[in-house]
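Right, one structure below, let's go through it.
A, B, ... follow the sequence lines: proteins, then strands. Residue 1 opens every chain. This is a predicted model, so every value here is computed, not measured.
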Protein chains: 2
Amino acid sequence: MAGARRPGAEISDLTAKRLSVYLRSLEDLQAAGVTTVSSQAMAEKFGLNSAQIRKDLACFGEFGVRGVGYVVADLKDQITRILGLTRDRKVIIVGAGNLGMALADYAGFNAGGFRIVALFDNDRGKVGGRSRGGVPVLDMEALPQIARREKAGIAVLAVPAAAAQKVLDLVSRAGIKAILNFAPAQLKARPGVTLKAVDLKIQLENLVFHLARAEEVHR
Amino acid sequence: MAGARRPGAEISDLTAKRLSVYLRSLEDLQAAGVTTVSSQAMAEKFGLNSAQIRKDLACFGEFGVRGVGYVVADLKDQITRILGLTRDRKVIIVGAGNLGMALADYAGFNAGGFRIVALFDNDRGKVGGRSRGGVPVLDMEALPQIARREKAGIAVLAVPAAAAQKVLDLVSRAGIKAILNFAPAQLKARPGVTLKAVDLKIQLENLVFHLARAEEVHR
DNA sequence: ATGTGTGAAGTGCTTCACAGCG
DNA sequence: CGCTGTGAAGCACTTCACACAT
């Protein structure tokens, strides 16, 4: 019952992503006044296998009550803790173009423990301004200093592909250890730095691939 | 040597995504004047295994030249064809908020065979306007008609989570078979409809998870 | 009776290693 | 000789199926 993590368990990235999904669903359930939920019920909600959900949760201890299921409030707190979401995290966005500006004001981004503290750009015309939501646009040169002073833990890259690797190196040198890249480029992060990519073009191309296959079968 | 697909080969989604990555890299190589490339060289570029690249490509025929590698221009054309990127695709975006507007003007989105034809919103204050790049904002009620008339094949969902499932159903009924969802919600698509999700919050939470683990090891 | 936790089986993706072609 | 194409081995994730707790 102690909050300690089971020591031997190595948690896969896929499991961690599913935990986020479970967490969101538990918040919905809690808001709806549901107090306990079975792995079965959750599985149906996501189109997953119930054993997978139990395995994911069992990595961290025995949260379930046999014969009953999981207590929604408890499980929510446990997952929040496991994912490290108890503390607020400061985020900087590099690139104050269309996408960067939109992300700075995106509601889902500026909530649930995340706070966007600044945008950075090297375009002097943009520096000094603010996003509609009020996030300030600062000079790229100030990035290392501001990142350290604000203790920003996460950087979002919304810069052109050609500049992305350089910016990644810059923010890494500034001590940032977690980076979300929106630039359509394959980047290399130094060890100890977690880099995730959201490549919109690849997503679209992948959709086209499925469309093309469907059209072919249809013929 | 004929362009025909090998019949038995079932292509996995992961392979298809990597093909998009290869394609992008081949475009770079071609622009740099490189005419042939080995799987080794490409593997180093992405931090992948060379056998994987060869396997991915071998699904569709024997494109390589033994002892030499792959001819960049040929391989690029083949992958373009395999991914179904020979034809232009029309895209609609539902939700003309910050994110939808930014996506409509996003350079990487409006290029390489993709064309964003319209934004849709049910907010009368937005309808009739345009994005900065000139994409018109139309009334949601006009969606089915416009989608069919324009033969839009892809829809991007940039609406609030609470509305997402309804909008997904609406665009599905309008005949759209490929959907990219940005709303933070688990949606269910009917059979025959491909649904991909870009869940920014889950990405951020995943980064925090890695940060939290790193901090723990550090202690 | 009900639903968790988990070893074992199943599935699919990745990597190895080498035959074979240019 | 160099590099592709590919069967076989390795590995990771998923699903099954059931003992066991309540």
- Atom pair distance, as rounded to whole Å: CG in D56(B) and C1' in dG5(D): 13 Å
- Task: Could you tell me whether R87(B) and E215(A) make a salt bridge, using a distance below 4.0 angstrom between a side-chain N and a carboxylate O?
- Result: yes
- Message: I need the CG-P distance between D74(B) and dT4(D), as an integer number of Å.
- Response: 15 Å
- Message: Determine whether a donor-acceptor pair (one donor, one acceptor, N or O, separation below 3.5 Å) exists between the side chain of K55(B) and the base of dT14(C).
- Response: no
- Query: Nearest of dC13(D), dT14(D), dT6(D) to any side-chain atom of R18(A)?
  - Reply: dT14(D)
- Any R54(A) side-chain nitrogen or oxygen under 4.0 Å from OP1 or OP2 of dC18(D): no
- Item | Close side-chain approach of I154(B) and L204(A), heavy atoms under 4.5 Å | yes
Check: protein-nucleotides 20-22 of chain D nitrogen or oxygen pairs below 3.5 Å:
unit_1, atom_1, unit_2, atom_2, d
dC20(D), O2, R66(A), NH1, 3.2

- Spacing of I53(A) atom CD1 relative to dT6(C) atom P, expressed in whole Å: 16 Å
- Message: Output the rounded distance in Å from CD (Q40(A)) to P (dT2(C)).
- Response: 12 Å
- Salt bridge K17(B)-D13(B), side-chain N to carboxylate O under 4.0 Å: yes
- Strictly by modelled atom types, are S39(B) and R54(B) linked by a side-chain donor-acceptor pair under 3.5 Å? yes
- Task: Grab the CG-P distance between N49(B) and dC11(D) for me, whole Å please.
- Result: 14 Å
- Polar contact flag, side-chain donor to acceptor under 3.5 angstrom, K45(A)-Q186(B): no
- Atom CG of L57(B) and atom C1' of dC3(D) are separated, to the nearest Å, by 13 Å
- Identify which nucleotide among dC13(C), dT4(C), dC18(C) has an atom closest to any side-chain atom of S38(A), counting heavy atoms from C-beta outward. dT4(C)
- Item | Whole-Å distance separating the CZ atom of F63(B) from the C1' atom of dG22(C) | 19 Å
- Return the set of residues passing side chain to side chain contact (heavy atoms under 4.5 Å, CB included) with S20(B) (not counting sequence neighbours), or none when no residue passes. I202(A), E205(A), L83(B)
- Message: Check the phosphate of dG2(D) against Y70(B), side-chain N and O only, distance under 4.0 Å to OP1 or OP2. Yes or no?
- Response: no
- At under 4.0 Å, does any side-chain N or O of S39(A) touch on OP1 or OP2 of dG3(C)? no
- Message: At 4.0 Å (heavy atoms only), tell me whether S12(B) reaches a base, stays on the sugar-phosphate, or touches nothing.
- Response: sugar-phosphate
- Rounded to whole angstrom units, what separation is found between the CG atom of L14(B) and the C1' atom of dA12(D)? 12 Å
- Task: Would you please say whether a donor-acceptor pair under 3.5 Å links the side chains of K188(A) and Q165(A)?
- Result: no
- dT14(D) phosphate, OP1 or OP2: any side-chain N/O from Q52(A) under 4.0 angstrom? yes
